[in-house]
Amino acid sequence: MLHGKTIIITGVSSGIGKRTAELAISMGAEVIGVDLHKPEMPLGTFIEVDLSDKASIDALLKRLPAKIDALCNVAGLAGTLGAPKTMAVNFFGLRYLTRGVAPHIREGGSVVNVASIAGYGWRANLERTKAVVAEIGFPSDMEALCKKHGISELSYVNSKEALLLWTMQAAHEPLFKSRGIRVNAVSPGPVETPILPQFRIIIGDERVDSDISRVGKAGTVSEIAPVILFLCQDASRWINGANIPVDGGLEASVNAEVIGF
Ligand SMILES: NC(=O)c1ccc[n+]([C@@H]2O[C@H](COP(=O)([O-])OP(=O)(O)OC[C@H]3O[C@@H](n4cnc5c(N)ncnc54)[C@H](O)[C@@H]3O)[C@@H](O)[C@H]2O)c1
């Protein structure tokens with residue numbers, strides 16, 4: 001179903017991005033992999049990019065082919081490298097890249113943002129999240145930006161809240177909408193990848209263990225990748241601006257608690 005499609009996948013050297021690339025290739029796609037680190041195994045074309053660095057993203061944009069079918073924004077940081085870096089990679093770099101890639105994406109193409117259950121609280125933190133999303137472009141002083149919006153230890157959470165809100169907004173942004181490019185999010189719960197121990201440092205063992213025990217286990221990369229790729233296919237053409245939790249029922253369980261049933 002992805003035969004002959006060209007898909008850019010960020011975060012291709014590890015975890016969810018790596019599995020998404022392997023699966024896309026097995027489904028017939030050409031993959032342009034993007035990451036800060038070289039993949040151990042060759043996964044189509046690879047371009048080394050630092051998504052926290054505007055100049056590095058600009059260099060990538062100059063190397064893209066004329067026609068791209070989909071962009072999967074998978075790369076992310078847990079927050080252990082600090083708030084400015086985390087906001088840059090998880091939100092501002094992602095958004096800058098996506099807007100830069102958009103003119104290359106064919107009419108009716110797709111953008112998939114890997115968010116997280118961690119972004120669940122965007123409604124509760126609406127004013128701050130709206131203010132972050134309203135920041136223009138790729139702010140040059142990320143440290144000042146984090147201070148301005150009170151973003152510190154929980155930058156991972158804040159970055160994913162912003163990403164979920166922007167996903168809805170982007171689905172209606174003329175840059176995408178005028179050419180029928182869909183923008184959706186996939187929100188995993190805990191998944192067994194190298195980032196998981198880092199979440200334990202940031203949000204604590206108790207929260208991670210509670211999330212896992214609500215659904216019986218952590219997810220695997222093979223449970224996330226097919227959903228990301230489904231959103232790249234024409235079969236999902238009427239899904240736009242949506243967030244699909246891929247978490248074994250974790251979000252439903254949190255909703256039940258919040259709603260009180
Ligand atoms: N694993 C989980 O429990 C989980 C849960 C919810 C959401 N997610 C999200 O899934 C996505 C993928 O995470 P993962 O679990 O595969 O983690 P991972 O650590 O295995 O992979 C992340 C990848 O992003 C790349 N990356 C980091 N900084 C970069 C930068 N500056 N420029 C370019 N690439 C960079 C890394 O090199 C790595 O290959 C992330 O956005 C993460 O927030 C993961």
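The model shown is predicted, which means the values in this text are computed figures rather than measured ones. Order of listing sets the numbers, starting from 1, for every ligand and every atom in it.
For the residues G11, G93, G33, the heavy atom positioned nearest atom 23 (C) of ligand 1 is part of G11. Comparing V114, I47, V74 by heavy-atom distance to atom 40 (C) of ligand 1, the nearest is V74. Relative to atom 22 (C) of ligand 1, the option among A225, G15, G76, A115 with the closest non-hydrogen atom is G76. Across V34, T220, T193, heavy-atom proximity to atom 15 (O) of ligand 1 is greatest for T193.
Salt bridge present: K5 and D234 bring a charged side-chain N and a carboxylate O closer than 4.0 Å. Salt-bridge formation is not detected for the pair E135/R95: no Lys NZ or Arg NE/NH1/NH2 atom is positioned less than 4.0 Å from an Asp or Glu carboxylate oxygen.
Within 6.0 Å of atom CZ in R237, 12 or fewer heavy atoms from other residues, nucleotides or ligands are found, so the atom counts as exposed in its surroundings.
A side-chain contact (heavy atoms from CB on, under 4.5 Å) with I9 is found for exactly one of I228, V74, D35, namely V74.
In terms of polar-atom proximity, V191 is counted as a contact of ligand 1, with an N or O under 3.5 Å from an N or O of the ligand. Between I16 and ligand 1, a contact under 3.5 Å exists for at least one N or O pair. Inclusion of V12 in the set of residues having an N or O under 3.5 Å from an N or O of ligand 1 is not warranted.
In summary, the atoms of ligand 1 found under 4.0 Å from a heavy atom of P190, numbered by their order in the structure, are 3 (O). With ligand atoms numbered from 1 in the order given, ligand 1 contributes 27 (C), 28 (N) to contacts under 4.0 Å with heavy atoms of L77.
L126 and V132 fall within a single hydrophobic cluster, where Ile, Leu, Val, Met, Phe, Trp and Tyr side chains are chained together by heavy-atom contacts under 4.5 Å.
In this structure, K160 is part of the shell of residues with a heavy atom less than 4.0 angstrom from ligand 1.
Here the closest heavy-atom approach between residue K217 and residue E223 is recorded as NZ-OE1, 2.8 Å.
Between W166 and F176, the ring planes are perpendicular. Angles over 60° get that label, and only those under 30° would be called parallel.
Closest to atom 31 (N) of ligand 1 among all protein heavy atoms lies D50 OD1, 2.9 Å. Looking from atom 43 (O) of ligand 1 to the surrounding protein, the closest heavy atom is Y156 OH, 2.7 Å.
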